[in-house]
**Student:** 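Attaching a single structure in structure tokens format; questions to follow.
Because the structure is predicted, anything quoted here is derived from the model rather than measured. Every chain is numbered from 1, with letters handed out A, B, ... down the list of sequences.
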Amino acid sequence: MEAAMGLMRRIPPKHSEAALSALLSLLPHHSSDLLSQVDQPLQVLCDVDSGKEFILCEYNRDADSYRSPWSNKYHPALDDGPHPSAELRKLEIEANDVFTIYRDQYYEGGISSVYMWEDENEGFIACFLIKKDGSKTAHGRRGYLQEGSWDAIHVIEVGPEEEVNARYCLTSSVMLSLTTNDESEGTFNLSGSIRRQMNMELSVAEGHLCNMGRMIEEMESKLRNSLDQVYFGKTKEMVCTLRPPAEIVQTKFPDSRIP
Amino acid sequence: MSDEDETASQLTDNQKIEIAKWFLLNSPAGEIQYVAKDIRALLKNERLYLAAVSEAFPLYNKSHLICLEFPDRSGEVMVTSFSEIDKNEYLDPRTAQVAIIDHVKQVIEDARPAKDEELSSSYVEEYRSALDVEIIKYVSEAYPKGVCSVYCTSGKDVEEPGMDFELVVVICAARHSPQNFCNGSWRSVWNMEFKDELQMVEVRGKFEVGAHYFEEGNVQLDAKHECKDSTVFQSADDSAVSLTTIIRHHEAEYLNSLQKSYSKLPDTTFKDLRRKLPVTRTLFPWHNTQQFSLTKDIQKSLGLEGSK
């Protein structure tokens, strides 16, 4: 498994789907470990009742069927697939509606889904997913990207309420890829995946949804900035180390060179 | 026995080798040895492992233009498809030696002087070596750790003016900092077609730049570009200077455009994926979520009444 995870860190992120299926065929006994530890771009199905799309993941899957957060039904239909309790389902519906608006505010398009289920410790687990295709042929508003995708998976374990507070443990993974293509500049592709965790103990006065929402918003902003500045920045640093900008580039100053 | 055994044996040996090769060939610059180690652990089968590496390493080495030092420190050889004499033999025209290499270990095992038929004619060699001299100067100025070589890829037996020949300039700069979780490489290949009748040199350049940062994550840059230019067919020394100027100009321009692409990221390109903040320039009003009436409240506070 260690070797497999090592490989996943080296393979270009845009090939991660192919890499995972290669690993699954080499290590069939480790399939559940691989599927839970390796992030994959998200797939989507269309809910037959509402006509709305929903995201597929391990958390809404039973056998080969997936539960839609809109109709709460499994696609393809299942007789005995697990469903959240009535109360949790209420929260799930609310979460999907609010998250739709959040998603639209930040992503100006894309698809989102939220799934919740009870866990053994009297708490529950919520999974918030976002899939955005930012290419100019899809939801890329400004048309910069020939290809662009952002897939985010946020899994929050909510501990049982203790008096005023509840404990939230968030694990977030973001996978993204962006490609610009230009006659004069060639093809420029940056892609990556990172995973982070955040734990908080918060008062439930404003409700679980508020707490979870804020954590996710904070985490996504952190990840976006981190990807942009640190991660992409490091690759830029590397390029400038390989071939430092020469004096003929007028707008650059010496302090933009990394020693 | 069980289902698992059946599935495992459903993958034929050849399929396993192909998978191993795919991982090896897709390794980022400077990381193939690490990938090989992981592959060896996964395959748990020396025969399959050896088959995979023996096929994958040569391809990887040639595509990454790896540079190996001669044991006697007389110079370096670049492993490229242009310098390949035989599958394990690579020519270094600068020192007129042929290196016999071990692709998997990525070292030179032996060296011998190049045979006459492996080298260019003195006419072509004049052009090749003049260009080599200029390119070395350029590369040592522009790249802190660059290597380069010039090969004749066509017409090496042309004895005198009257026929076409082709030279190729190969430049590679790689930096491996595994302790900083960062590796990268810059590769440029310049084809120069010396067209005698037109008295022109047609230049075609290809760039490939890659970087990999993997501290608690996995982010990679993959950039490619092609360009064209041309110049007049002059004497060996004059051609060398004007061709190097062309290369210098285009490479600097390309670096510039890479930097531009990076600077557009935070506010422009990235925005098409996810904005830094909503249009309202404030954080999302989660606190307006009351049971059951939340959607309306939020829509109101965001001024979205009536939509959706």
**Student:** Side chain, backbone, both or neither: which part of A/L7 has a heavy atom under 4.5 Å from chain B?
**Tutor:** both
**Student:** Heavy-atom distance under 4.5 Å to chain A: side chain of B/S27, backbone, both or neither?
**Tutor:**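 Contact with chain A is absent: no heavy atom of B/S27 under 4.5 Å.
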**Student:** Quick one: what part of A/L176 sits under 4.5 Å from any heavy atom of chain B, side chain, backbone, both or neither?
**Tutor:** side chain
**Student:** Where on A/Q229 is there a heavy atom nearer than 4.5 Å to chain B: the side chain, the backbone, both, or neither?
**Tutor:**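 Neither the backbone nor the side chain of A/Q229 comes within 4.5 Å of chain B.
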**Student:** B/H225 and A/F188: aromatic ring centres closer than 6.0 Å?
**Tutor:** no
**Student:** Report which part of A/S16 has an atom under 4.5 Å of a heavy atom belonging to chain B: side chain, backbone, both, or neither.
**Tutor:**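 No part of A/S16 comes within 4.5 Å of chain B.
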**Student:** Identify which of A/W150, A/Y107, A/Y106 forms the greatest number of heavy-atom pairs closer than 4.5 Å to chain B.
**Tutor:**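 Ranked by contacts with chain B, first place is A/Y106.
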**Student:** Compute whether any side-chain donor of one residue and acceptor of the other, for B/Y213 and A/E237, lie under 3.5 angstrom apart.
**Tutor:** no
**Student:** At a heavy-atom separation under 4.5 Å, does A/L27 approach chain B through its side chain, its backbone, both, or neither?
**Tutor:** side chain
**Student:** Among A/G207, A/G110, A/G192, single out the residue with the greatest number of heavy-atom pairs under 4.5 Å to chain B.
**Tutor:**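 Of the options given, most contacts go to A/G192.
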**Student:** A/A152 versus chain B, heavy atoms under 4.5 Å apart: side chain, backbone, both or neither?
**Tutor:**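 For A/A152, there is no contact with chain B at all, as no heavy atom is under 4.5 Å.
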**Student:** So what's closer than 4.5 Å to chain B heavy atoms on A/S193: side chain, backbone, both or neither?
**Tutor:** both
**Student:** Measuring heavy-atom distances to chain B, does A/S149 have an atom under 4.5 Å in its side chain, in its backbone, in both, or in neither?
**Tutor:** backbone
**Student:** Pick from B/V209, B/L258, B/T268, B/V279: which one has the most heavy-atom pairs with chain A under 4.5 Å?
**Tutor:** B/T268
**Student:** Is it the side chain or the backbone of A/E108 that comes within 4.5 Å of chain B heavy atoms, both, or neither?
**Tutor:** side chain
**Student:** Heavy-atom distances under 4.5 Å only: say whether A/S173 touches chain B with side chain, backbone, both or neither.
**Tutor:**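 For A/S173, neither part sits under 4.5 Å from chain B.
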**Student:** What option among A/G6, A/A4, A/A19 has the most heavy-atom pairs under 4.5 Å with chain B?
**Tutor:** A/A19
**Student:** For a quick test of reading the model, state the closest non-hydrogen atom pair linking B/I247 to B/I135 and the distance between them.
**Tutor:** CD1-CD1, 3.7 Å
**Student:** Could you check which of A/M212, A/M1, A/R196, A/R195 has the highest count of heavy-atom pairs closer than 4.5 Å to chain B?
**Tutor:**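 That would be A/R196.
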**Student:** Let me know if B/F181 has heavy atoms under 4.5 Å from chain A in its side chain, its backbone, both or neither.
**Tutor:**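 For B/F181, the side chain is the part near chain A, not the backbone.
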**Student:** For atom CD of B/E141, decide whether the heavy atoms of other residues, nucleotides or ligands shown that lie under 6.0 angstrom number more than 12.
**Tutor:** yes
**Student:** Side chain from CB out, backbone as N, CA, C, O: work out which of these in A/M5 comes under 4.5 Å of a heavy atom of chain B, or both, or neither.
**Tutor:**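 When you check distances to chain B, no heavy atom of A/M5 falls under 4.5 Å.
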**Student:** Of the backbone (N, CA, C, O) and the side chain (C-beta and beyond), which part of A/R103 lies under 4.5 Å from a heavy atom of chain B, both, or neither?
**Tutor:** neither
**Student:** Between A/T179 (side chain only) and A/N189 (backbone N and O only), is there a donor and an acceptor less than 3.5 Å apart?
**Tutor:** no
**Student:** For chain B, which of A/L190, A/I194, A/N211 has the most heavy-atom pairs under 4.5 Å?
**Tutor:** A/L190
